[in-house]
Amino acid sequence: QVQLVESGGGLVQAGGSLILSCAASGRTFSGYRMGWFRQAPGKEREFVAAISRPGGDTIYGDAVKGRFTISRDNAKSAVYLHMNTLKPEDTAVYYCAASASWTVLRPVSDDFGYWGQGTQVTVSS
């Protein structure tokens, strides 16, 4: 079991950057694959990014590939999402998630059993 708390959301202008953080509780953080998802009002939850336990492998959703970077610091029990060249369509609640899965990294929410409460990101045009 792991508890997750996101932070760093806010209001930014299109073209700007923002860094989201996710702090995990406990001493088992390195045992989890980590990911970010987002959900806009009236939309389905969308995969954003995922990272392997050591941090060597990453995958991204098509909408954010080349603009967002996921990273982790196992010593700090934290995962980050660096968001660049933000667009209005990036506006959503962003959720941190943890997975105990040992499959190849894949962009499916069912692989993630633990979720944070979310942080709002709003991008103005």
Side-chain angles (χ1 to χ4, degrees):
Q1 182 176 331
V2 61
Q3 293 179 321
L4 307 172
V5 180
E6 303 94 336
S7 63
L11 175 64
V12 297
Q13 294 185 8
S17 299
L18 199 64
I19 301 175
L20 303 184
S21 299
C22 175
S25 66
R27 54 183 173 86
T28 60
F29 177 75
S30 63
Y32 294 94
R33 171 183 300 170
M34 300 299 298
W36 289 95
F37 294 78
R38 67 186 184 184
Q39 188 167 24
K43 302 289 186 180
E44 295 293 320
R45 183 170 53 196
E46 178 185 16
F47 173 78
V48 175
I51 188 167
S52 63
R53 290 165 173 82
D57 296 321
T58 58
I59 58 170
Y60 297 90
D62 289 341
V64 307
K65 195 172 300 181
R67 299 188 298 119
F68 291 10
T69 301
I70 187 172
S71 63
R72 68 188 297 163
D73 187 337
N74 288 340
K76 295 182 178 180
S77 297
V79 63
Y80 308 95
L81 186 68
H82 293 243
M83 304 184 293
N84 299 313
T85 319
L86 284 161
K87 305 174 181 179
E89 51 262 45
D90 294 320
T91 296
V93 177
Y94 283 71
Y95 297 92
C96 177
S99 171
S101 176
W102 285 97
T103 67
V104 64
L105 282 175
R106 58 187 188 179
V108 293
S109 60
D110 284 351
D111 283 355
F112 294 82
Y114 305 94
W115 298 81
Q117 293 181 320
T119 185
Q120 176 71 46
V121 173
T122 302
V123 184
S124 62
S125 60

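All values below were derived from every heavy atom in this structure, side-chain atoms included, with hydrogens, water molecules and symmetry-related copies excluded.
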Could you please spell out the steps behind the side chain to side chain contact (heavy atoms under 4.5 Å, CB included) verdict for R33 and T103?
CA-CA 10 Å; R33 171 183 300 170; T103 67; 3.4 Å; yes

Going through the checks in order, is the side chain to side chain contact (heavy atoms under 4.5 Å, CB included) test met by Q39 and Y95?
CA-CA 8 Å; Q39 188 167 24; Y95 297 92; 4.3 Å; yes

Determine whether Q13 and S124 satisfy the following criterion, side chain to side chain contact (heavy atoms under 4.5 Å, CB included), listing intermediate values before the conclusion.
CA-CA 5 Å; Q13 294 185 8; S124 62; 3.8 Å; yes

Checking side chain to side chain contact (heavy atoms under 4.5 Å, CB included) for the pair T91/Q120: CA distance, chi angles, key distance, verdict?
CA-CA 8 Å; T91 296; Q120 176 71 46; 3.9 Å; yes

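Under the side chain to side chain contact (heavy atoms under 4.5 Å, CB included) test applied with F68, the options L20, N84, D90, T58 reduce to a single match, D90. A ring-ring contact (aromatic ring centres under 6.0 Å, His included) with Y32 holds for exactly one of F112, Y114, W102; it is Y114.
In this structure, L18 CG and L86 CG are separated by 6.5 Å, a value rounded to the nearest 0.5 Å. Once rounded to the nearest 0.5 Å, the distance linking CH2 of W36 with CD1 of I51 reads 12.0 Å. Rounding to the nearest 0.5 angstrom, the gap separating the CG atom in N74 from the OG atom in S30 is 5.5 Å. To the nearest 0.5 Å, atom CD of residue Q1 and atom CD of residue Q3 are 6.0 Å apart. Note that the CG atom of L105 and the CD1 atom of I59 stand 5.0 Å from one another [nearest 0.5 Å].
For the pair R72 and F29, the cation sits on the ring face: its NZ or CZ lies under 6.0 Å from the ring centre, inside 45° of the axis.
Around CD of Q117, the count of heavy atoms belonging to other residues, nucleotides or ligands within 6.0 Å does not exceed 12.
Across all their heavy atoms, C22 and L4 have their closest contact at SG-CB, 3.9 Å. Closest non-hydrogen pair, Y80 versus S21, comes out as CD2-OG, 3.4 Å. Nearest heavy atoms, M34 versus A98: SD-CB, 3.6 Å. When all heavy atoms of V2 and S25 are compared, the pair lying nearest together is CG2-O, 3.6 Å. In terms of heavy atoms, M83 sits closest to Y94 at SD-CE2, 4.0 Å. Residues Y60 and T69 come closest through the heavy atom pair OH-CA, 3.4 Å.
Judged by distance alone, with hydrogens and angles left aside, the side-chain atoms of R53 form a donor-acceptor pair with the main-chain N or O of G31 at under 3.5 Å. The main-chain N or O of E6 is never found under 3.5 Å from a side-chain atom of T119 such that the two would form a donor-acceptor pair.
Linking Ile, Leu, Val, Met, Phe, Trp and Tyr residues whenever their side-chain heavy atoms come within less than 4.5 Å places F47 and V93 in a single cluster.
Remark: K65 engages D62 in a salt bridge, criterion side-chain N to carboxylate O under 4.0 Å.
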